[in-house]
Amino acid sequence: MNPLDNIQADRSRAKKLGDPNADLCFLALADKSGNASVRTLVLRDIVDNRLTLFINKTSPKWRIICKGGTAQLLLWYSSVQRQYRLTGHIVELNRNTVEINWHRRPLISKYLDHIYEHLGPQSSFVPTRKILTDSLDGLRKSIKTDSLKALPSATGVQIVCNSIEILDLSRVDQLHDRQLFTLEGEVWSSQIMIP
């Protein structure tokens, strides 16, 4: 059994049920000192064992990603009562793929990439929210929507999964079903876990 087929099916069901997490994931990273951080991101695509995310190189997460190591993504679909924990390494998408997909991003996300260049890097501080909104308004006036372009700081990454843990909380008997899937070559093996 390929656990990614389960993820795709549950994600599709979650979308149909209006689950607010259907297009979200939670990325957990740890730096070389072991300091952990987690953030919510939009899950763009799942192909084979690769999950695609778009980020900005000005963000603190990019600095952690550049230093290597593994990452973990958490998918939680409350509408179907299933959690997926995916572990793997991160690879950056090629520039052509980033530019093609950048145009599909929401308009505010495109302008935010420009905010990071003009006002300050992602996660930096501003004295007031008004400074942020005024900067956004200024960019909207100076850069027309149809002329927005992906800046060099806009990028995408893929989490290349080698293990997936599934926790199914929907069991009628209330004994949660927990399994670990490990990719060996091109075949997923599974083990039952005590929940």
Side-chain angles (χ1 to χ4, degrees), residues 7 11 20-76 84-164:
I7 293 172
R11 186 178 188 207
N21 287 337
D23 287 324
L24 300 178
C25 63
F26 309 95
L27 174 65
L29 300 167
D31 65 20
K32 294 290 184 186
S33 300
N35 299 310
S37 61
V38 66
R39 69 261 303 142
T40 305
L41 297 171
V42 174
L43 176 59
R44 297 293 174 183
D45 201 8
I46 303 172
V47 177
D48 299 325
N49 65 323
R50 295 170 176 260
L51 290 87
T52 303
L53 313 169
F54 287 92
I55 61 175
N56 191 281
K57 290 182 178 182
T58 67
S59 74
K61 65 184 157 293
W62 180 250
R63 291 187 291 280
I64 296 170
I65 288 169
C66 286
K67 293 182 179 170
T70 59
Q72 200 167 72
L73 276 184
L74 180 79
L75 308 176
W76 166 240
Y84 295 91
R85 228 169 28 154
L86 303 98
T87 304
H89 66 279
I90 298 177
V91 295
E92 185 177 6
L93 294 175
N94 67 55
R95 191 70 202 160
N96 188 49
T97 302
V98 170
E99 288 179 6
I100 289 169
N101 285 283
W102 190 85
H103 292 287
R104 297 178 186 154
R105 296 180 71 197
L107 187 57
I108 189 70
S109 297
K110 294 175 188 177
Y111 277 113
L112 277 172
D113 279 341
H114 286 263
I115 287 280
Y116 305 145
E117 296 292 320
H118 291 90
L119 185 60
Q122 187 177 21
S123 300
S124 61
F125 297 98
V126 290
T128 67
R129 181 166 174 84
K130 184 167 180 6
I131 291 171
L132 177 62
T133 57
D134 287 350
S135 182
L136 179 60
D137 289 342
L139 282 171
R140 284 181 170 149
K141 289 175 185 167
S142 66
I143 307 172
K144 295 185 182 190
T145 303
D146 57 355
S147 63
L148 281 168
K149 300 217 182 309
L151 297 171
S153 61
T155 194
V157 296
Q158 289 183 323
I159 311 298
V160 183
C161 302
N162 53 27
S163 73
I164 299 174

Polar side-chain atom of K110 near backbone of L148 as donor-acceptor pair, under 3.5 Å: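 Answer holds: no.
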Any donor-acceptor N/O pair, S142 side chain to G138 backbone, under 3.5 Å: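 Flag set: sc S142 to bb G138 pair under 3.5 Å.
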In the structure I gave you, are the side-chain heavy atoms of [X] and [Y] within less than 4.5 Å of one another anywhere?
X    : Y    : value
I55  : I65  : yes
K149 : E99  : no
R85  : I164 : no
L139 : L119 : no
L151 : Y116 : no
I131 : P127 : yes

Out of curiosity, [X] [atom1] to [Y] [atom2], how far, rounded to the nearest 0.5 Å?
X    : Y    : atom1 : atom2 : result
L24  : R11  : CG    : CZ    : 9.0 Å
L112 : L136 : CG    : CG    : 7.0 Å
I115 : T58  : CD1   : OG1   : 11.0 Å
Q122 : S153 : CD    : OG    : 9.5 Å
L41  : L73  : CG    : CG    : 8.0 Å
I159 : L27  : CD1   : CG    : 5.5 Å

Kindly write out the residues that satisfy salt bridge (Lys or Arg N to Asp or Glu O under 4.0 Å) with E117, not counting sequence neighbours, or none if the list is empty.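 Not a single residue meets the salt bridge (Lys or Arg N to Asp or Glu O under 4.0 Å) criterion with E117.
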Under a plain distance cut-off of 3.5 Å, with no hydrogens placed, do N56 and S59 share a side-chain donor-acceptor pair?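 There is no such pair between these side chains.
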How about S37 and R39: does a side-chain donor come under 3.5 Å of a side-chain acceptor?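 Yes, R39 and S37 have a side-chain donor paired with an acceptor closer than 3.5 Å.
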Closest approach of N21 and F26, non-hydrogen atoms and distance?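 Heavy-atom minimum between the residues: OD1-CZ, 4.1 Å.
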Closest approach of S124 and G120, non-hydrogen atoms and distance?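 Reported closest heavy-atom pair: OG-C, 3.6 Å.
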All side chain to side chain donor-acceptor pair (under 3.5 Å) counterparts of [X], not counting sequence neighbours:
X    : value
E92  : K57, T155
K144 : none
R104 : N101

Once salt bridge (Lys or Arg N to Asp or Glu O under 4.0 Å) is applied, what residue pairs with a partner in residues 65-74 remain, sequence neighbours excluded?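 Listed by first then second residue: nothing to list.
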List, one per line, each side-chain donor-acceptor pair under 3.5 Å for residues 44-54, sequence neighbours excluded.
unit_1, atom_1, unit_2, atom_2, d
N49, ND2, C161, O, 2.8
R50, NH1, Q158, OE1, 3.0
T52, OG1, Q158, NE2, 3.2

